[in-house]
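Treat the numbers as computed from the prediction; the structure is a model and nothing was measured. A, B, ... follow the sequence lines: proteins, then strands. Residue 1 opens every chain.
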Amino acid sequence: MNNYEASIGLEIHVQINTKSKLFCECPTSFGEIPNSNICVICTSQPGVLPILNKKAVEAVIKTGLALNARINKKCFFARKQYFYPDIPKNYQITQFEYPICQEGKLILITSNIQKVINITRIHLEEDAGKLIHEFGNKKLDYSLLDLNRAGIGLMEIVTEPEINSANEAATFLNQLKNIIEYLNTSECNMEEGNMRCDVNVSLRNIVDKKLGTKIEIKNMNSISGIKDAITYEINRQRYILESRRKIKQETRLWDSNRKVTRSMRDKENTLDYRYFIDPNLIPITITETLIKNLNSEIPELPILKKNRFYKEYLLNEYDINFLVSDKNIADYFEKTVFFSKNKKRATKIIANWIITDLMTKLNENKLSIKESPINCENMAKLIDLIINGDISNKIARMIFEDMYIKSSDPRNILREKKLLQISDKKCLTEICNKAIIKNSKAALEFKNGKQKAIYAIVGFVMKETKGCANPKLINSILLELLTK
Amino acid sequence: MLEKIELLTVASFARLHIDDKEVDGYIKDLNKILSQANILQELSTTDVVPTTHIVTKTANAWRSDISKPCSYDVIELILNNAPAKKERFYKIKKVLK
């Protein structure tokens with residue numbers, strides 16, 4: 001019975017990449033001693049006044065521009081009032097009727113469809129403190145509050161309920177994360193809670209125009225968790241609807257251990273937040289000049305970069321997706337191609353070396369590509385040596401190891417280790433002849449039709465030349481000698 | 001006119017406890033205040049821009065993104081002023097069941 005369609009809307013909270021908090025000068029560093037990044041403003045001492053961080057406003061505008069949103073020229077801050085100890089003021093400074101951005105969109109690209117997901121708004125607000133209810137596995141009979149996070153700038157990105165499946169939601173979040181990382185307006189580190197998501201899910205019979213009753217799943221902090229929670233919730237709601245019962249509007253929590261959503265509070269007594277414009281913060285005026293300046297700082301975004309990579313480098317989809325997934329990796333790739341002397345042949349080989357060898361090594365050492373001990377220029381030299389036939393792939397891997405440790409020019413390592421590939425036919429024929437004599441049994445077997453026997457002889461040549469012989473050349477010489 | 005349920009809601013927002021026997025008195029007083037405010041409704045405000053701020057400054061009031069940690073003494077003062085502490089945390093009533 002597949003006559004239901006899911007409508008999913010996301011509210012994504014993204015911690016803005018600033019050095020200081022939104023309304024005070026406290027640092028925003030993660031993992032500090034509890035209640036050490038606090039001051040009179042973010043702990044809401046009586047009589048203090050907030051002072052807005054300009055960079056946070058700029059980050060929201062930039063993100064809005066990248067998502068094709070309209071930027072409101074005049075915006076206000078509002079107070080959202082609720083009683084919960086994570087905000088000592090009893091209200092959160094946020095934006096209500098006049099957010100910085102409205103009416104944006106993101107083009108969702110999955111393997112079989114492209115569709116537009118409209119973004120209702122992006123607004124700026126302050127984060128709340130962190131509550132702790134348990135120590136390790138031990139549940140506490142009180143709660144603990146750490147205000148280090150309180151007051152850090154957040155942008156809340158709200159989508160229309162136009163996402164129709166768990167997979168689309170995951171793709172949307174990955175694409176959004178990718179864009180924000182390109183803009184560098186947030187670290188988007190979900191483990192550190194830089195990006196958190198509330199998910200609204202409702203089901204409707206496809207013949208109905210109206211959306212069904214929505215369920216909100218609060219505070220999700222991993223994309224895989226969001227996927228699981230949506231899948232669970234769609235199945236749960238379908239079961240209720242198919243058994244002709246009604247869905248109750250409520251907020252639910254995702255239990256990642258039991259892989260179910262649990263009821264948290266129902267929306268019958270919807271909280272009245274009593275929003276009103278914050279009199280302590282004067283309106284923000286956003287000028288055309290500021291928008292123009294910020295627009296010029298936006299780098300080439302992932303979708304455009306992908307299309308260009310297809311055309312310019314003729315790589316396959318896997319390679320391009322990998323390279324473009326991180327702006328720094330894409331930059332490293334392009335710079336290496338730039339330094340290469342044989343660009344046309346080098347692109348695919350460079351992509352392979354970055355994706356497999358370099359990234360594996362960097363991941364092992366927990367380094368980012370920006371911290372790579374091998375710079376683009378040396379990487380290009382290594383690839384050129386391979387293309388010119390100066391070194392075999394095997395030798396290239398050995399040199400690569402040395403380059404990684406010493407950050408040096410591959411040609412210097414070659415010279416030091418005397419590893420230049422032997423492509424001198426006369427010299428190799430001599431060694432091959434010797435190899436056939438030393439491996440007479442294998443030679444005989446090969447002549448009698450056992451093709452694989454040649455490997456023993458090739459192995460001998462390799463050993464004699466310390467792996468520097470050109471493997472293609474050895475093969476052709478041996479075949480020539482053995483079939484004479 | 002204000003009714004009991006609204007009175008109790010407003011009281012809960014203000015964190016006030018109101019006894020049953022106080023309800024009538026509060027309703028009477030609050031309705032008196034509201035009817036005073038009602039006089040303003042007689043005036044036409046169609047051409048009046050809502051006043052959101054007392055300063056009508058149009059330039060932005062914002063600062064550069066520079067972090068400056070608060071002095072240790074002030075942080076200690078803030079923490080010591082908390083009704084209850086546990087190590088460096090604020091200790092508060094359990095909020096999750």
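- Ring geometry for A/Y82 versus A/Y84: interplanar angle of 30 to 60°, hence tilted.
- A donor-acceptor pair is defined here as one N or O able to donate and one able to accept, closer than 3.5 Å; such a pair exists between the side chain of A/Q95 and the backbone of A/L124.
- For A/L140, the part sitting under 4.5 Å from any heavy atom of chain B is the backbone (N, CA, C, O) and nothing else.
- Here A/T18 is the residue among A/V57, A/L131, A/T18 with the most heavy-atom pairs under 4.5 Å with chain B.
- Looking only at heavy-atom pairs under 4.5 Å with chain B, the residue among A/T28, A/T287, A/L281 that has the most is A/L281.
- Note: A/K54 leads A/K74, A/K55, A/K54 in heavy-atom pairs under 4.5 Å with chain B.
- No donor-acceptor contact under 3.5 angstrom links the side chains of A/S186 and A/N194, judged on distance only.
- Residue with the most contacts toward chain A among B/T51, B/T9, B/T52, B/I54: B/T52 (heavy-atom pairs, distance under 4.5 Å).
- Interface residue B/F13: backbone and side-chain heavy atoms are both found under 4.5 Å from chain A.
- In this structure, A/F76 and B/H53 have parallel ring planes: the angle between them is below the 30° cut-off, well short of the 60° mark.
- Residue A/K130 qualifies as open at atom NZ: its count of foreign heavy atoms under 6.0 Å is 12 or below.
- Interface residue A/T285: backbone and side-chain heavy atoms are both found under 4.5 Å from chain B.
- Interface remark: A/N37 contributes no atoms to any contact with chain B (heavy atom separation under 4.5 Å).
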Practice prompt. Show your working on salt bridge (charged side-chain N to carboxylate O under 4.0 Å, His left out) between B/R88 and B/E76 and close with a plain yes or no.
Written response: CA-CA 9 Å; B/R88 290 197 58 90; B/E76 290 311 296; 3.1 Å; yes
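- Heavy atoms of A/N90 lying under 4.5 Å from chain B are absent altogether.
- A donor-acceptor pair under 3.5 Å links the side-chain atoms of A/D146 to the main chain of A/N148, judged by distance alone.
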